[in-house]
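Index from 1, following the sequence.
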Amino acid sequence: MGNVIALVRDSLTNLVSRMGTGRDKASHSFYGLPLLSDAEIVNAYRGAWLPRKIVDIPALDSCRNWRNWQAAKDQIERIEAEEKRLNVRAKVLEARTNARLLGGAGILIGTGDQDMMQPLDVERIGRGGIQYLTVFTRKHLSAGEIERDPGSEFYGKPSSYRVSGKNGQVLDVHPTRLAIFQGSPVPDDDFAMHPGWGDSVLVAVLDAIKNADSTAANIASLVFEAKIDIIRVPNFMASVGDEEYKRKILERYTLANTAKGINGTLMLDKEEEYESKSASFAQLPEVLDRFLTVVSGAADIPATRLLGQSPAGLNSTGEADLRNYYDRISAMQEIEMTPALYRLDEALIRSAIGKRDPSIYYSWAPLWQMTDKERADIFRTKADAARAIAGNGGTSPELIPLEALSDGLVNALVEDGSLPGLEKAIEEYGKLSDQEEDEEEAAAEAFPANANEQVRLAANDAAPRTLYVRRDVLNAAEIIAHFKAQGFATTLPADDMHVTITFSRQPVDWMKMGENWSDNDKGGLIIPAGGPRLMDAFGQNGEAKVLLFSSSVLSWRHEEMKRNGATWDHPEYQPHITISYADDVPDIAGIEPYRGEIELGPEIFEEVKENWKEGITEDADR
C-alpha cells in the first residue's frame, strides 16, 4: 500500500512540474542523442519547408557559381565540355544534397573496368576514359570494414564500399573509385549511427525546427479564435442534462447567430449576458521571429538567405552576415569538396585532354561578387600605385626597377582576376624584363605606321589643344536594323554611330592621355552582349535618342583622361550610342534596347568642333 501512495505522490509531482514528460522543465540540463530514422528524416525534408531549405541552400550555394579552370583556352574548353557531357556539376549537387540529408553519398567514377576492387589508376585514363558518373546515397552505398592501418590514406574510413547491381548482384568498390561526401561529421566512428558515414544535418537542428513549426502552428490556430463570443445563460449547468433543453438551447443560439450574421442583430433574454473577447497578436510576430532566428543560428544560415527576409535594424544591410556565410561556404569548398573531388578531377582532366598538364588547376568562383565600380576602383588604385612607384615615367627617381615592378604587378592582376587571360598572354608575348628594344624599335613603337595623323602631329608639336576622343561602332548596321524594326523611320548613318570617350574644351597635352585600351590586335574593343541596357533622351529638349550601356573599360579610360587634364561638361560619364535626332521616332518608353554585342573600333583623337551638330544627317534607307 505504501508503494501505491508513493506512486500517486510521484504522479502528482510530475503533473505539476512536468518532470519525466516530453516537456520536462529540467530536460535542458540533459543531452541525449536524437534518434531519427531515415523515414523521419525524409518525411521532414519532403513535408516541411524549413528542413528542405536547411539541407538544400548550402549544397546549392557550394555549387552555384561552380569553379574557374586556369589553363590554355582550348584546354579549358575541352574540360568544360567534358564536365557538361558527364553532368559533373549536377552530380556533385545531388551528392552534396543527399549527403547533408542522409549523412553521406558518393559518386562512382565509371571507367569500364571489370574489377572495381582494384584501385583506380588515373594515369591509365585516356581521352573520353570516363564513361559515366553515378550518384549513390548512403542507403545504397554500404560502407565496408573501417581501415585501421595508420599508414593508409583511408585510415578511419571504409576500406571498401558495396553497391547493389543489376539482378540483385552485389558489387564491391575500392574507395579510390568514389568521390565520397559526408554529412555532419561524427567525432568518433564508435558513436556513428551508420559506421563510415556522418549524421544528417537535420539531427542537430530538428528540435529548433519543431519549436518554430509548433509556434507557427499555434499562432495559425489562434487566428480562428481571435474573437470569441461568451453568453451566460441562467441555470445552464443545471438544465444541460435534459435532452430537450439541449436541443432547444442549440436551436435557440443557432437562430441568434444566424440573425447576427445577416443583419447584425443579436436577440437575447433579459436574464442572459453577452460578452465578446478578442485575442491580441501584438507580440506574436516577434515571438515567431525569435524562434526562426534560433533555427537560422542552428543551421548556420543567415536569416536573409534562409528566410528571404530583409535585414532588420537601423542601417542594417545584412552584408556582414552574408559575407560570413559565403566565407563558410568557401571554406567548405576548399576543406571538404576539393579533397573529395580530387581523383574525379584528375580523371576528368585526362578524360578531356588525354593527358595531365601540370599547369592546369582551378579555383572556386567566389559567391560574393564585386560591383563593376568596386573592381574598377581596385584596378585603378593598383595602376596609380604602380605609376607612383615607377616614378611617373622618369619625372622622379624610380623606387623599384620597372622590370621588377612589371613582374609584381602582373602577378597581382593574375591572382585577383582583374585581367583574365593575362598570364597566358605574358607567356606568349614575354615579360617586360625579357624584352630589349633597340632605338629603331622604340621609335617605330612611338610612331606606328597606322597611327592617327593628328596624333603624329601632336607628337611633333606637344602644344596643348582641345580633345575629342571617340570609338566608331563597327557593327552599326545590326543596331540600325534592330531599331528600324521597332518603328524608327530614320537613324544616324552607320558611319556616324560612335561612342564618345572625351570631349574636352580645355586644351590638354595629347601625349599625356595614355595608350589606346583594346582587346584585339586591331585596337578595337568588344562590349559583350547582355548587361544593363536602357533607352533615354539626351539634350535640352530630349532631341537625342540614345542607347545606354555599361562598360567599365570605357569608364576607366574616361577617368584616366580626366586625371591627366581633360575636362567633361557633364556631372558624370555614361557610355552611350546616339541612334537618332529625328522628331518622329517612337516613344522610347516602349522601345526594346539593343542587347547584342557592340563592336567598337580604335580610339580616334580629334580637336573639338563646336559646330558638330551642323553635320548631322539622318539615314532612312538603311
Side-chain angles (χ1 to χ4, degrees), residues 18 21-24 27-28 31-64 90-107 134-142 164 181-186 192-194 197-226 281 284-310 325 328-329 332:
R18 290 179 176 171
T21 67
R23 302 185 66 180
D24 190 337
S27 63
H28 65 278
Y31 293 97
L33 180 64
L35 300 177
L36 296 176
S37 66
D38 291 342
E40 289 176 303
I41 292 173
V42 172
N43 288 342
Y45 178 77
R46 296 179 62 185
W49 65 276
L50 269 175
R52 178 178 286 270
K53 295 191 76 172
I54 289 171
V55 169
D56 287 353
I57 286 177
L60 175 61
D61 286 343
S62 64
C63 299
R64 174 153 52 98
K91 299 286 187 182
V92 172
L93 175 59
E94 181 183 353
R96 289 279 299 151
T97 303
N98 284 321
R100 290 180 58 81
L101 177 63
L102 295 171
I107 302 177
T134 305
V135 178
F136 292 96
T137 67
R138 169 187 56 75
K139 289 175 61 64
H140 302 100
L141 188 63
S142 303
S164 299
F181 295 90
Q182 298 283 357
S184 294
V186 179
M193 295 178 61
H194 305 282
W197 299 105
D199 288 335
S200 168
V201 296
L202 297 180
V203 170
V205 302
L206 203 57
D207 282 344
I209 295 173
K210 287 180 178 178
N211 289 337
D213 282 345
S214 299
T215 302
N218 287 330
I219 292 175
S221 65
L222 188 59
V223 171
F224 299 98
E225 299 181 6
F281 294 90
L284 292 182
E286 288 79 3
V287 173
L288 181 58
D289 283 346
R290 291 301 177 91
F291 277 100
L292 291 174
T293 300
V294 172
V295 174
S296 176
D300 205 4
I301 304 174
T304 51
R305 182 73 179 91
L306 178 64
L307 307 177
Q309 67 182 30
S310 300
Y325 168 68
R328 172 178 171 265
I329 295 295
M332 183 188 304

Distance in Å, [X] [atom1] paired with [Y] [atom2], rounded so as to fall on 0.5 Å steps:
| X | Y | atom1 | atom2 | value |
| --- | --- | --- | --- | --- |
| Leu50 | Arg52 | CG | CZ | 12.0 Å |
| Gln182 | Asp199 | CD | CG | 10.0 Å |
| Lys91 | Cys63 | NZ | SG | 13.5 Å |
| Ile107 | Leu141 | CD1 | CG | 11.5 Å |
| Glu286 | Thr293 | CD | OG1 | 11.0 Å |
| His194 | Asp38 | NE2 | CG | 5.0 Å |

(request) Let me see the working for Val205 and Val295 under side chain to side chain contact (heavy atoms under 4.5 Å, CB included), right down to the final yes or no. (result) CA-CA 7 Å; Val205 302; Val295 174; over 6 Å; no
(request) Answer yes when Arg64 and Asp61 have at least one side-chain N-carboxylate O distance shorter than 4.0 Å, and no when they do not. (result)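 Yes, Arg64 and Asp61 are salt-bridged.
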(message) Are there over 12 heavy-atom neighbours, none belonging to Asp207, within less than 6.0 Å of that residue's CG?
(response) no
Between [X] (side chain) and [Y] (backbone), is there a donor-acceptor pair under 3.5 Å?
| X | Y | answer |
| --- | --- | --- |
| Arg138 | Leu102 | yes |
| Ser200 | Leu101 | yes |
| Thr97 | Leu93 | yes |

For residues [X] and [Y], report the shortest heavy-atom separation together with the two atoms involved.
| X | Y | answer |
| --- | --- | --- |
| Val294 | Ala208 | CG1-CB, 4.1 Å |
| Lys53 | Pro58 | O-CD, 4.1 Å |
| Ala44 | Leu206 | CB-CD1, 4.5 Å |
| Ile57 | Leu306 | CD1-CA, 4.0 Å |
| Phe181 | Trp197 | O-CZ3, 4.0 Å |
| Ala303 | Ser296 | N-OG, 3.2 Å |

(request) Mind running side chain to side chain contact (heavy atoms under 4.5 Å, CB included) on Asn98 and Phe136 for me, showing each step along the way? (result) CA-CA 9 Å; Asn98 284 321; Phe136 292 96; over 6 Å; no
(request) Decide side chain to side chain contact (heavy atoms under 4.5 Å, CB included) for Val287 and Ile219; before the verdict, give the C-alpha distance in whole Å, the side-chain angles of both, and the deciding distance to 0.1 Å. (result) CA-CA 10 Å; Val287 173; Ile219 292 175; 5.7 Å; no
(request) State, with a plain yes or no, whether a side-chain heavy atom of Val42 is found less than 4.5 Å away from one of Lys139. (result) no
(request) I would like to know whether Arg328 and Tyr325 meet side chain to side chain contact (heavy atoms under 4.5 Å, CB included); could you show each step before the answer? (result) CA-CA 5 Å; Arg328 172 178 171 265; Tyr325 168 68; 4.0 Å; yes
